[in-house]
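Reckoned from all heavy atoms, side chains included, excluding hydrogens, waters and symmetry mates. Labels below follow one simple rule: chain letters A, B, ... track the order of the sequence lines, proteins then strands, and each chain is numbered from 1.
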Number of protein chains: 2
Amino acid sequence: MPTVSSEELATAAGVNSAKLRKDFSYLGSYGTRGVGYDVEYLVYQISRELGLTQDWPVVIVGIGNLGAALANYGGFASRGFRVAALIDADPAMAGKPVAGLPVRHTDELESIISDNGVSIGVIATPAGAAQQVCDRLVAAGVTSILNFAPTVLSVPEGVDVRKVDLSIELQILAFHEQRKAGEENAPSPVPPRSGAAVRAASENRKGPDGDVPAVMPA
Amino acid sequence: MPTVSSEELATAAGVNSAKLRKDFSYLGSYGTRGVGYDVEYLVYQISRELGLTQDWPVVIVGIGNLGAALANYGGFASRGFRVAALIDADPAMAGKPVAGLPVRHTDELESIISDNGVSIGVIATPAGAAQQVCDRLVAAGVTSILNFAPTVLSVPEGVDVRKVDLSIELQILAFHEQRKAGEENAPSPVPPRSGAAVRAASENRKGPDGDVPAVMPA
DNA sequence: ATGCCTTTGTGAACGCGTGCACAAAGATGG
DNA sequence: CCATCTTTGTGCACGCGTTCACAAAGGCAT
């Protein structure tokens with residue numbers, strides 16, 4: 001039986017082994033003392049907890065460049081997501097195949113949602129259309145929305161919205177870049193590091209994540 | 001002179017006013033007691049600290065759907081970014097206009113970087129090409145990379161990489177969705193909330209951000 | 001000029017998550 | 001069957017960030 005110790009996993013992930021064990025313990029006691037964790041069983045337990053073992057039908061609304069990119073993105077299927085339909089308001093797009101699926105017109109939105117039991121919707125429309133699409137999705141039964149449009153959506157209680165701003169990551173890079181350039185000569189007038197408000201984590205990071213103030217102008 | 005109090009801003013942003021004042025204090029003492037902060041001056045100070053007043057030339061490599069979507073994204077210009085060039089390996093793409101810019105061939109990558117003093121690169125290529133493109137960008141002088149390809153890039157010390165995984169946000173939504181469904185009948189076998197490892201913050205959130213374990217299978 | 005009212009800036013306390021360190025558990029070998 | 005060795009699961013302490021609370025500061029009216 002192939003196993004891994006918390007120490008191995010922690011080293012690989014770059015985190016503390018105690019934290020990792022403590023996190024795992026919230027899923028139950030699946031390890032064996034003196035041996036470690038059964039890899040296969042652990043993968044299953046984590047997958048189940050994260051919802052990877054379920055099948056999540058999603059719809060993508062707004063099949064422009066971004067919508068098409070999302071439709072073609074291979075990472076969804078392996079994470080338990082299934083693109084139930086691609087929806088666009090442009091009648092000229094209707095029926096046209098994108099990533100192997102025919103684009104459906106917005107008129108069909110409600111029926112697609114209910115027929116497929118979709119509870120997660122992705123909005124990749126222009127900013128102007130986002131709120132309207134959002135309202136229709138919610139009315140049709142969607143309770144989680146991933147918003148790529150540069151608008152803050154308002155939704156009723158009980159509906160989750162996550163907004164992805166493609167420029168934020170770029171801005172964090174620029175912030176670090178500025179620091180790099182500044183450190184060469186002038187000792188920053190700002191104290192070393194403190195006062196956080198927004199934080200982001202990702203793989204592929206050098207050093208601590210950038211702390212940026214809570215409010216920023218558009 | 002239009003002003004805002006820390007209390008007003010804090011309420012609008014949904015954070016504590018003391019934290020906001022403390023954050024601002026790291027930029028210096030720009031407020032006036034009994035009055036608040038001069039809006040215009042505050043915006044300028046924050047903009048400057050975040051690097052919004054600078055001009056950041058960036059290149060986008062890989063002009064597929066995603067690359068094109070990024071090139072068309074309006075949010076960059078207002079954040080101080082300027083798309084210096086779009087680069088693609090496909091000779092058929094060369095010269096073709098995307099978002100008003102002619103696509104350049106990969107052969108020109110090095111000269112474009114140095115001619116424009118580009119220090120930030122965006123990779124929107126297929127996974128297979130990402131590391132190679134990354135190496136060339138770094139060799140040409142790029143010190144910050146935003147990676148949309150589903151690969152972990154390895155870079156030399158001193159180079160920042162941020163990876164954007166378009167499916168992670170979706171996965172967080174699915175995780176919450178699962179919780180919603182589960183709470184209806186079975187009281188979750190997992191203790192209420194604890195043991196965090198990855199965290200994400202965004203506008204548009206209902207309730208606390210989802211805590212998900214540090215390691216997950218592909 | 002003086003007193004009052006508002007809001008900042010920050011010292012200090014609180015709370016929470018991380019990391020340490022160890023006892024308990026189980027496997028393994030003699 | 002016992003001793004030993006490894007690794008888990010977790011109580012506890014430390015450290016850091018958030019929040020409280022208030023003195024100092026400045027505006028404004030009288």
Side-chain angles (χ1 to χ4, degrees), chain A residues 1-46 49 189-201 205 207-215, chain B residues 1-46 49 189-201 205 207-215:
Chain A
M1 183 179 80
T3 59
V4 267
S5 68
S6 60
E7 189 56 42
E8 291 175 86
L9 282 177
T11 305
V15 298
N16 183 286
S17 66
K19 174 162 53 166
L20 202 145
R21 286 199 297 278
K22 202 162 271 184
D23 277 9
F24 284 0
S25 75
Y26 288 106
L27 307 179
S29 288
Y30 296 132
T32 306
R33 296 173 187 230
V35 177
Y37 298 87
D38 173 23
V39 173
E40 194 182 349
Y41 190 52
L42 183 63
V43 166
Y44 168 71
Q45 288 296 343
I46 295 178
E49 183 68 20
V190 180
R193 280 292 69 221
S194 197
V198 175
R199 224 163 303 165
R205 65 188 178 203
D209 288 328
D211 295 341
V212 293
V215 182
Chain B
M1 181 180 79
T3 60
V4 267
S5 69
S6 60
E7 190 55 44
E8 291 175 86
L9 282 175
T11 305
V15 298
N16 184 287
S17 66
K19 172 160 56 166
L20 202 145
R21 285 199 298 278
K22 199 161 271 185
D23 277 9
F24 283 1
S25 75
Y26 287 107
L27 307 179
S29 288
Y30 296 132
T32 305
R33 294 173 190 230
V35 177
Y37 298 87
D38 172 25
V39 173
E40 193 182 349
Y41 191 52
L42 184 63
V43 166
Y44 169 71
Q45 287 296 342
I46 295 178
E49 183 67 21
V190 179
R193 283 290 67 223
S194 200
V198 174
R199 222 162 305 166
R205 66 189 177 202
D209 290 325
D211 296 341
V212 293
V215 182

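Per the geometry, CG belonging to A:Leu20 stands 11 Å off P belonging to D:dG9, to the nearest Å. Spacing between atom CG of A:Asn16 and atom P of D:dC14 amounts to 17 Å, rounded to whole angstrom units. For the pair A:Tyr30 OH and C:dG26 C1', the computed distance is 19 Å after rounding to whole Å. We find that OH of B:Tyr37 is positioned 12 Å from P of C:dT7, with the value rounded to whole Å. For B:Phe24 and C:dT10, the CZ to P distance is 14 Å, given to the nearest whole Å. Per the geometry, NZ belonging to A:Lys19 stands 18 Å off P belonging to D:dT10, to the nearest Å. In this structure, CG of A:Asp38 is placed 15 Å from C1' of C:dG26, rounded to the nearest angstrom. A straight line from OH of A:Tyr26 to C1' of D:dT8 spans 15 Å, rounded to a whole angstrom.
When side chains are defined from C-beta on, B:Ile46 counts as touching B:Leu27, because their heavy atoms get closer than 4.5 Å. At least one side-chain heavy atom of A:Leu9 sits under 4.5 Å from a side-chain heavy atom of A:Leu42. Side-chain contact between A:Thr3 and A:Met1 is present, with heavy atoms from C-beta onward closer than 4.5 Å.
A distance of 9.0 Å separates OG in B:Ser5 from CZ in B:Arg21, rounded to the nearest 0.5 Å.
The local environment of CD in B:Glu8 is crowded, with over 12 non-hydrogen atoms from other residues, nucleotides or ligands closer than 6.0 Å.
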Tabulated below should be each protein N or O lying under 3.5 Å from an N or O of nucleotides 22-30 of chain D; please produce it.
residue: D:dA24; atom: N3; partner: B:Arg33; partner atom: NH1; Å: 2.8

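A donor-acceptor contact under 3.5 angstrom links the side-chain atoms of B:Lys22 to the base of C:dG11.
If you check every strand for non-hydrogen atoms under 4.0 Å, A:Ser17 touches nothing.
Aromatic ring centres of A:Phe24 and A:Tyr37 lie closer together than 6.0 Å.
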Take B:Tyr44 and B:Glu40, measure what side-chain hydrogen bond (donor to acceptor under 3.5 Å, both in side chains) needs, and give me the verdict at the end. CA-CA 6 Å; B:Tyr44 169 71; B:Glu40 193 182 349; over 6 Å; no

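In this model, the phosphate group of C:dG9 is not approached by any side-chain N or O of B:Ser25 to a distance below 4.0 Å at OP1 or OP2. Here B:Ser5 does not reach the OP1 or OP2 of C:dT7: none of its side-chain N or O atoms lies under 4.0 Å away.
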